[in-house]
Every structure is written in structure tokens, then in C-alpha cells.
*Asks:* 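Just dropping this structure here.
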Amino acid sequence: MTRLLLHACCAPCSLEPVRLLVDEGFEPTICWTNPNIQPVEEHDRRLAELRRWCAAEGISLIEAGEDRERWERAVAPIGARDRAHRCRACYALRLAEACRVAERAGFTHIATTLAVSPYQLFETCNDVLERLAAASGLTPVIRDFRPWYGEATRRSRELGMYRQQYCGCRFSAAEAALDRARQRDERKARHRGAS
Ligand code: SF4
């Protein structure tokens, strides 16, 4: 089996990538490095869920460095005005740390569970991973796990896992709340139109 370091954003998003990568012949070790998640209580809740699942499944988990102040300096100033730019900077910060860990620990391959969520910027994330992996002499394992997002949702519910309502940063929390409000308004408008 080929050892692979799998950057993980949370337990629910790890379910299907781990299964699929094992089916391909990889031996994934999970790497947690997500200084983007706010507030700290939310960060700790997601990490605790990942720890529980890894322990139950016998999957190795590396808790890598997290520089929350650096995230505030490098990502937060972009704010809500340019999501693509903000997320690129956020992916770069997290995946750079994962690549650093992979290189030091002798891994040859690297991937991320961000590739399962249809809410992430898939192309941007892959581009960032490819560049950082190349700079570290690693092979990026780029896979489109998004078709398995529904299955990940189903399995995580079945397992009673904690499932978050937003990506991680305070901007994404506000954006997700706005999106839910917009969807509620649209449903109400449709309902009024039908009655
Ligand atoms: S939306 Fe997600 S990926 Fe983008 S900056 Fe916020 S936490 Fe990072």
C-alpha cells in the first residue's frame, strides 16, 4: 500500500475519501490543520469528532501546526468582498502545513478531503494543492470525490456525527446564514405563488 497524507477538514468529509483511497490501494494517514475554523469552540468540536472517528476506525491522525494569527493576517483582510481570493489564501495556508508535515514524515503522496464538498472551490483547491505538492516533491492525488458527497452525508448522519452548517471562517458562517435565509424566502415565494 502507498502511504498518503490526507488533509482533513472534518470527520464527515473524511468518510468517503478514506474509503475510496483505500480501495485504490492507498494507506491514508489523516492530517488535521484547520486554523480557519471559528470560533475556537467550533474548531474543537470538529477536531473532537475527527479524533473519535479515527480512533474507532484505527486510522492514524496527525494534528499539525495551526497558526490562527497567521490566518488573520493572510486571509481575514480579504474578507467577504472576494471569496475566490480568500479561499485560495485559506487553502494555501492549510495545505502548505499539510505538505510540510508530509515531507518531514516521509510521505510521497498527499490529498485533501476538501475535494468531497460541492461547497468548496474545487478547481482552486486542486490548483493550490498541485503547486504546493510540487514545491515539496510530493505527488498530489487529485480526485473528484463530489459525487460521493450525498453518501458522506447519509453515512455521517447514520453514525450520529456532528455536522457543521458552514465551511469554517466567520465570513462563511455569515454567507451560509444569508444563503439559508434566501432559500427560505424563495420557498415562501413559491408557496405563495402556488396558493
Ligand atoms: S469559506 Fe472556508 S475555505 Fe474559504 S476562507 Fe472561509 S474557511 Fe477558508
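Numbering of residues begins at 1 and proceeds along the displayed sequence.
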*Asks:* Determine whether a donor-acceptor pair (N or O, by modelled atom type, separation under 3.5 Å) exists between the side chain of Thr33 and the backbone of Gly65.
*Replies:* yes

*Asks:* What are the two closest non-hydrogen atoms of Cys54 and Ile30, and how far apart are they?
*Replies:* SG-CD1, 4.0 Å

*Asks:* Would a 4.5 Å heavy-atom cut-off, applied to side chains only, mark Asp67 and Pro35 as touching?
*Replies:* no

*Asks:* Show your reasoning for whether side chain to side chain contact (heavy atoms under 4.5 Å, CB included) applies to Arg3 and Thr108.
*Replies:* CA-CA 7 Å; Arg3 289 175 69 231; Thr108 51; 5.8 Å; no

*Asks:* Quick check for you: to the nearest 0.5 Å, what is the distance between Thr29 atom OG1 and Leu61 atom CG?
*Replies:* 9.0 Å

*Asks:* With under 30° as parallel and over 60° as perpendicular, where do the rings of Phe26 and His109 fit, or are they tilted in between?
*Replies:* tilted

*Asks:* Assigning hydrophobic clusters by single linkage (Ile, Leu, Val, Met, Phe, Trp, Tyr; side-chain heavy-atom cutoff under 4.5 Å), is Trp148 placed with Leu21?
*Replies:* yes

*Asks:* Begin from the C-alpha positions of Phe145 and Thr113 and carry the test side chain to side chain contact (heavy atoms under 4.5 Å, CB included) through to its verdict.
*Replies:* CA-CA 8 Å; Phe145 297 125; Thr113 62; over 6 Å; no

*Asks:* Below 4.5 Å, heavy atoms only, C-beta onward: do Asp127 and Arg88 meet side chain to side chain?
*Replies:* yes

*Asks:* Compare every heavy atom of Trp71 with every heavy atom of Asn36, then report the nearest pair and how far apart it is.
*Replies:* CB-NE1, 3.2 Å

*Asks:* Could you please spell out the steps behind the salt bridge (Lys or Arg N to Asp or Glu O under 4.0 Å) verdict for Glu158 and Arg155?
*Replies:* CA-CA 5 Å; Glu158 193 174 273; Arg155 284 182 64 201; over 6 Å; no

*Asks:* For the hydrophobic clusters of this structure (ILVMFWY residues joined by side-chain heavy atoms under 4.5 Å, transitively), does one cluster hold both Val75 and Tyr119?
*Replies:* no

*Asks:* For residues Ile62 and Leu47: do they belong to one hydrophobic cluster (side chain heavy atoms under 4.5 Å, members Ile, Leu, Val, Met, Phe, Trp, Tyr)?
*Replies:* no

*Asks:* To the nearest 0.5 Å, what is the distance between CG (Leu132) and CG (Leu93)?
*Replies:* 10.0 Å

*Asks:* In Å and rounded to the nearest 0.5 Å, what is the CD1 to SG distance from Ile110 to Cys99?
*Replies:* 4.0 Å

*Asks:* Do His7 and Leu129 make a side-chain contact, defined as non-hydrogen atoms from C-beta onward lying under 4.5 Å apart?
*Replies:* no

*Asks:* More than 12 foreign heavy atoms under 6.0 Å from CZ of Arg70: is that the case here?
*Replies:* no

*Asks:* CD of Glu69: more than 12 outside heavy atoms within 6.0 angstrom?
*Replies:* no

*Asks:* Identify whether the distance between the nearest side-chain nitrogen and carboxylate oxygen of Arg182 and Asp185 falls below 4.0 Å.
*Replies:* no

*Asks:* Mind listing the closest non-hydrogen atom pair of Arg86 and Phe171 along with its distance?
*Replies:* NH1-CB, 3.3 Å

*Asks:* Taking atom OG1 of Thr124 and atom CZ of Arg83, what is their separation to the nearest 0.5 Å?
*Replies:* 9.0 Å

*Asks:* Which heavy atom of Gln120 sits nearest a heavy atom of Cys167, and at what distance?
*Replies:* NE2-SG, 3.2 Å

*Asks:* Is it possible for you to say whether Leu20 and Val141 belong to one hydrophobic cluster, with membership spreading through side-chain heavy-atom contacts below 4.5 Å?
*Replies:* yes

*Asks:* Is there a side-chain contact between Arg52 and Met161 (heavy atoms, below 4.5 Å)?
*Replies:* no

*Asks:* Are any non-hydrogen side-chain atoms of Glu97 and Val101 less than 4.5 angstrom apart?
*Replies:* yes

*Asks:* Given the rule in the side chain to side chain contact (heavy atoms under 4.5 Å, CB included) test, do Trp53 and Val18 qualify, once you have shown the distances and angles that lead to the verdict?
*Replies:* CA-CA 12 Å; Trp53 179 68; Val18 165; 3.9 Å; yes

*Asks:* Please check if the side chain of Glu49 supplies one atom and the backbone of Tyr162 the other of a donor-acceptor pair under 3.5 Å.
*Replies:* yes

*Asks:* Salt bridge or not between Glu16 and Arg19? Use side-chain N to carboxylate O under 4.0 Å.
*Replies:* yes

*Asks:* Checking Arg94 side chain against Trp32 main chain: does a donor-acceptor pair fall under 3.5 Å?
*Replies:* no

*Asks:* When rounded to the nearest 0.5 angstrom, what distance separates CG in Leu159 from CZ in Arg154?
*Replies:* 9.0 Å

*Asks:* Just by modelled atom types, is the Cys169 backbone N or O under 3.5 Å from a matching donor or acceptor in the Gln38 side chain?
*Replies:* no

*Asks:* Is Leu121 reachable from Leu95 through a run of I, L, V, M, F, W or Y residues, each pair having side-chain heavy atoms under 4.5 Å apart?
*Replies:* yes

*Asks:* Ring of Tyr166, cation from Arg46 - is the NZ or CZ under 6.0 Å from the centre and inside 45° of the axis?
*Replies:* yes

*Asks:* Would you check if Gln164 and Ile37 make a side-chain contact, meaning some heavy-atom pair closer than 4.5 Å?
*Replies:* no

*Asks:* Would a distance-only check, ignoring hydrogens and angles, find a side-chain to backbone donor-acceptor pair under 3.5 Å from Ser117 to Leu114?
*Replies:* no

*Asks:* Assess the residue pair Glu123 and Arg146 against the criterion (salt bridge (Lys or Arg N to Asp or Glu O under 4.0 Å)); give the C-alpha distance rounded to whole Å, side-chain angles, the decisive distance to 0.1 Å, and a yes or no.
*Replies:* CA-CA 12 Å; Glu123 305 296 341; Arg146 290 174 298 179; 5.1 Å; no

*Asks:* Find out whether Pro28 and Ile59 are in side-chain contact, i.e. whether some heavy atom of one side chain is under 4.5 Å from a heavy atom of the other.
*Replies:* no

*Asks:* Between Leu15 and Ala152, which heavy-atom pair has the shortest distance, and what is it?
*Replies:* CD1-O, 3.8 Å

*Asks:* Begin from the C-alpha positions of Lys188 and Arg192 and carry the test side chain to side chain contact (heavy atoms under 4.5 Å, CB included) through to its verdict.
*Replies:* CA-CA 6 Å; Lys188 276 187 200 158; Arg192 275 197 302 272; 4.1 Å; yes

*Asks:* Show the nearest heavy-atom pair for residues Ala115 and Arg143, with the distance to one decimal.
*Replies:* CB-O, 3.4 Å

*Asks:* Is it the case that the side chain of Ser156 and the backbone of Thr153 share a donor-acceptor pair, with hydrogens and angles ignored and the cut-off at 3.5 Å?
*Replies:* yes

